[in-house]
Amino acid sequence: MAASVWNSCRSVGQKFVFAPLLRNCSQCGVSQSSKTTLRPLRDAGIQRRELSSHANSSRTGGRWLSVGLGVAGLTAMSGAGYVTYRYRQAMSTTAEGPVTTAQCQSSPDLPPMKVTLYQYLTCPFCCKTRAFLEYYGIDFQVVEVNPLSRREISWSDYKKVPIVIVEMDGKDEKQQLNDSSVIISVLKTFMVNTHKDLDKVVSYYPVMVTQDTDGKEVREIANRHWVMVDLETMSEEYGKRRRSEVKWRKWVDDHFVHMLAPNIYRSQAEALQAFEYITNVQNFGPWEKWAAKYGGSAIMWTIAKRLKSKYQLKDDVRESLYDAANEWLKGVGKKKFMGGSQPNLADLAVYGVLSSIEDFDTFKDLMENTKMRPWYERTKKAVKSHAGANTTHVHAP
């Protein structure tokens, strides 16, 4: 097992440190004497903590593209605030009131447990996480995070979405998982390993602290895109499929998702359309709704231009999106899914990201100008029917 746990830890000429997660403090998961030393781990992908019943009932939160969520005053005269949807948090939703529960066919590969997802409804990374949970038939509750106050996640040092809290039956402690790819990798690893020890699985994804060429500290989660299995029992064929799955999961996070913001905010009209939808699905007050719709759309239209330059997209950013979709379809080839006869984690990632823009012109144009629709509809049907609930064994084709 040791070989499989560390098989994707690489140091490309960089100094790195594996920082263990300590779990003694009921407030932050770090022993009091170690808080100063381990302070950088506050932004890590995985946190272990115990939550008070009050905090558990009212807080939560998470992450989206790398555009974040900012709050600013529109003007002193208007007294209205506006929401800046920055990269990785550009699309968000607000909900006051009770949590919602997704009823799925319970997966036989999981012991009794309670899963709570803290999200923004239209965040692509949250959509990716939901697609995974739905496909594998994992019952979960959803808590919508208010993008203005973010009070639902005030208990967490990690301030992005998605966040997943796992409560195992018979245990008082709760496990906090951050970052959509880490959440998916941890839960899938938990499903396919026989020991069903979530603490042990989490230890397979340690925080890796590195320094870049400028001496700046960089934190990453080791094995972020890997499902960790025992190499001694893994078939050679599964090993090949596993490497392909990891390649395309990385492609989604490092390339494909960067196509979205420049496209949905391509023009002032499209930016306004996006925020019209966002404010309609959120419980904004009158001032908040007006400010988010007009202030937020103007800001994101400007930011979209910077993202176009940053990621070296074509003059018509739609063409870059079509190119990325065609690259994906070429990888799928004549198969039903990238995973073959069933969706794999890469299929779920691409589907989840695209599902976040179903109501926008960008999605309509993509379906009309590429051959994505048949694959997308097949994957959507598999997700909504919880088709993976009985097919989670690691050696399944």
Side-chain angles (χ1 to χ4, degrees), residues 63-72 74 80-94 119-128 147-148 161 252-253 255-284 287-328 350-373 376-377 380:
R63 142 166 176 173
W64 200 72
L65 286 149
S66 196
V67 180
L69 175 69
V71 180
L74 194 57
Y82 63 80
V83 180
T84 302
Y85 291 82
R86 303 173 318 203
Y87 184 60
R88 283 191 193 262
Q89 290 173 325
M91 322 250 324
S92 57
T93 184
T94 305
Q119 66 163 26
Y120 300 143
L121 179 64
T122 53
C123 155
F125 296 105
C126 299
C127 291
K128 182 172 71 170
L148 296 176
V161 287
V252 174
D253 288 347
H255 178 66
F256 189 62
V257 77
H258 299 316
M259 303 292 113
L260 297 194
N263 273 277
I264 63 176
Y265 304 120
R266 179 179 63 164
S267 65
Q268 290 177 314
E270 286 180 288
L272 195 61
Q273 177 200 51
F275 275 83
E276 174 76 26
Y277 173 76
I278 291 169
T279 53
N280 281 338
V281 300
Q282 298 178 180
N283 291 329
F284 280 115
W287 276 110
E288 295 173 338
K289 183 174 181 178
W290 181 87
K293 180 178 177 180
Y294 294 102
S297 61
I299 292 168
M300 285 310 302
W301 175 61
T302 302
I303 291 177
K305 295 180 179 179
R306 300 178 190 171
L307 297 176
K308 172 185 173 182
S309 175
K310 178 178 180 180
Y311 295 110
Q312 300 180 339
L313 306 186
K314 293 181 177 180
D315 288 340
D316 183 353
V317 292
R318 282 289 198 277
E319 294 298 325
S320 293
L321 177 63
Y322 301 157
D323 288 347
N326 289 330
E327 182 180 358
W328 167 256
V350 175
Y351 164 77
V353 166
L354 285 179
S355 70
S356 70
I357 61 168
E358 270 197 14
D359 293 281
F360 302 148
D361 286 347
T362 299
F363 182 84
K364 179 181 177 182
D365 291 346
L366 177 64
M367 295 297 122
E368 291 179 352
N369 290 278
T370 69
K371 297 180 180 179
M372 284 287 283
R373 187 176 294 278
Y376 184 84
E377 293 298 335
K380 182 175 184 177

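All values below come from the heavy atoms of this structure, side chains included, with hydrogens, waters and symmetry mates left out.
Put simply, the side chain of Thr370 never gets that close to the backbone of Met367: no donor and acceptor are under 3.5 Å apart. No donor-acceptor distance shorter than 3.5 angstrom exists from the side chain of Lys293 to the backbone of Leu272, with no hydrogens or angles considered. Distance alone, capped at 3.5 Å, is enough to place a donor-acceptor pair between the Ser320 side chain and the Lys314 backbone. Here the side chain of Ser309 pairs no donor or acceptor atom with the backbone of Lys305 at under 3.5 angstrom.
With a 4.5 Å cut-off on side-chain heavy atoms, Asp316 and Arg266 count as touching. Between Glu327 and His255 the shortest side-chain heavy-atom distance falls below 4.5 Å.
Each salt bridge (Lys or Arg N to Asp or Glu O under 4.0 Å) pair with one or both residues in residues 352-361, not counting sequence neighbours, appears once here: Glu358-Lys380.
Centroid-to-centroid, the aromatic rings of Phe360 and Tyr265 stay 6.0 Å apart or farther.
Across Ala325 and Leu366, no two heavy atoms sit closer than the pair CB-CD1, 3.7 Å.
In this pair, Tyr351 and Tyr376 present their aromatic rings tilted. The plane angle is within the 30 to 60° band.
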- Message: Is there a side chain to side chain contact (heavy atoms under 4.5 Å, CB included) between Leu321 and Phe256? Walk through the geometry before answering.
- Response: CA-CA 8 Å; Leu321 177 63; Phe256 189 62; 4.2 Å; yes
- Item | Check against side chain to side chain contact (heavy atoms under 4.5 Å, CB included), Met372 and Trp328 | CA-CA 9 Å; Met372 284 287 283; Trp328 167 256; 3.8 Å; yes
- Task: Evaluate the side chain to side chain contact (heavy atoms under 4.5 Å, CB included) criterion for residues Ser356 and Leu260: first the C-alpha distance (whole Å), next the side-chain angles of each, then the deciding distance (0.1 Å), finally the verdict.
- Result: CA-CA 9 Å; Ser356 70; Leu260 297 194; 4.0 Å; yes
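In this structure, Asp253 pairs ionically with Lys128, as a charged nitrogen and a carboxylate oxygen lie closer than 4.0 Å.
Arg318 and Asn263 share a donor-acceptor pair across their side chains, judged by distance under 3.5 Å alone.
The salt bridge (Lys or Arg N to Asp or Glu O under 4.0 Å) search around Lys371 returns none, not counting sequence neighbours. Under the rule for a salt bridge (Lys or Arg N to Asp or Glu O under 4.0 Å), Arg306 has no partner lying at least two apart in sequence or in another chain.
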